[in-house]
Amino acid sequence: RWHVSLPDPLADLADRIVGFYDRGTAPPFLIYQYEPSDEYAVRRELFDLKRWLKAKHEIGCQTISLAEVFWDALKEHGQLDMVIEAERAGAYEDAELAVRQVLANPPTLGDRIVQLVVEHGEEREAVFLYRVGSLYPAHRTSPLLDVLKDKIDRPVVMLYPGRVVGDYGLSFMGKSEPAYGYRALIIPRGGRH
């Protein structure tokens, strides 16, 4: 059995996930925001959280790399080589447009994630999305979460390297203009900034 307590931000995530299964709350859609330099620490914490959820509450965890989904979509549409060549040539706008079109056409990025959840998921689990940086700047994460919220009936946590701006904005890697309109609850790893 698990005898170690979780740090506060992870305990908050865990409580919301457990609450869905044990108390019948609505499935939480959460953004776990952290400083980009903390990437490897967050991965270790996620491993601990997954073990804790399984050991204490028999809740499985499915981790989905958005980078893998993204690269698979480009390969499937025959656009991978074109995007790589466009980036090598410095034609970033062409590469971004191609990526945006691939991820928007059926099956969309959201469709692909839902398919992974359905095909590989457990009945009692939480879904963790990571490597969101692979989508930037071609695809924003806020609309993706909105799509998933209507199609996935279990807790979803997006790991987000960046900064909280104000109460509801997120700046990817702390370098991009902040994006607002996230309907998911933002849980900062290091507390409020």
Side-chain angles (χ1 to χ4, degrees), residues 27 29-40 42-43 46-47 50 60-122 125-165 168-184 186:
F29 278 70
L30 309 165
I31 297 173
Y32 189 56
Q33 173 273 325
Y34 57 94
E35 292 294 322
S37 59
D38 294 335
E39 179 72 32
Y40 291 105
V42 168
R43 289 183 191 186
L46 177 60
F47 180 77
K50 289 167 59 174
C61 296
Q62 182 179 12
T63 53
I64 298 174
S65 166
L66 296 181
E68 287 180 23
V69 176
F70 163 73
W71 290 114
D72 287 347
L74 287 178
K75 287 178 197 169
E76 185 179 302
H77 284 270
Q79 295 294 311
L80 182 59
D81 291 336
M82 189 286 293
V83 168
I84 291 170
E85 288 305 316
E87 286 195 350
R88 282 186 185 149
Y92 300 112
E93 289 177 9
D94 293 343
E96 186 179 326
L97 178 61
V99 168
R100 191 174 289 127
Q101 289 173 340
V102 166
L103 296 179
N105 287 321
T108 65
L109 179 64
D111 295 337
R112 291 170 186 279
I113 292 168
V114 169
Q115 182 179 357
L116 287 169
V117 169
V118 170
E119 288 178 2
H120 304 289
E122 302 174 34
E125 74 172 0
V127 177
F128 290 84
L129 305 174
Y130 69 103
R131 303 269 327 265
V132 299
S134 63
L135 304 178
Y136 184 80
H139 199 285
R140 299 293 252 181
T141 53
S142 176
L144 174 62
L145 286 175
D146 289 345
V147 166
L148 296 179
K149 201 167 200 159
D150 294 333
K151 297 181 177 182
I152 295 180
D153 63 349
R154 57 197 73 180
V156 174
V157 179
M158 178 179 287
L159 304 181
Y160 191 93
R163 297 225 164 82
V164 175
V165 178
Y168 305 107
L170 288 172
S171 170
F172 178 70
M173 299 297 285
K175 296 181 180 356
S176 68
E177 286 296 314
Y180 297 90
Y182 285 90
R183 293 188 340 192
I186 301 168

What is the distance from atom [atom1] of [X] to atom [atom2] of [Y], rounded to the nearest 0.5 Å?
X    : Y    : atom1 : atom2 : value
K151 : D146 : NZ    : CG    : 12.0 Å
R131 : L66  : CZ    : CG    : 9.5 Å
L129 : Y32  : CG    : OH    : 15.5 Å
L148 : R154 : CG    : CZ    : 12.0 Å
I64  : F128 : CD1   : CZ    : 11.5 Å
E68  : T63  : CD    : OG1   : 8.5 Å

What is the minimum heavy-atom distance between [X] and [Y], and which atoms define it?
X    : Y    : result
V156 : I152 : CG2-CG2, 3.9 Å
A95  : E87  : CB-CG, 3.7 Å
A98  : Q79  : CB-OE1, 4.1 Å

Which is it for I84 and L74 under the side-chain contact (heavy atoms from CB on, under 4.5 Å) test, yes or no, and what are the steps along the way?
CA-CA 10 Å; I84 291 170; L74 287 178; over 6 Å; no
Reference residue Q101; test side-chain contact (heavy atoms from CB on, under 4.5 Å); the match among L97, L103, V99:
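Testing each of L97, L103, V99 against Q101, the sole residue satisfying side-chain contact (heavy atoms from CB on, under 4.5 Å) is L97.
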Would one find more than 12 heavy atoms of other residues, nucleotides or ligands at under 6.0 Å from atom CD of E93?
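Open.
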Are the side chain of Q62 and the backbone of L116 linked by a donor-acceptor contact shorter than 3.5 Å?
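Pair found, side chain donor or acceptor close to backbone of L116.
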Are any non-hydrogen side-chain atoms of [X] and [Y] less than 4.5 angstrom apart?
X    : Y    : result
L144 : I113 : yes
V132 : P161 : yes
K149 : L145 : no
R43  : L159 : no

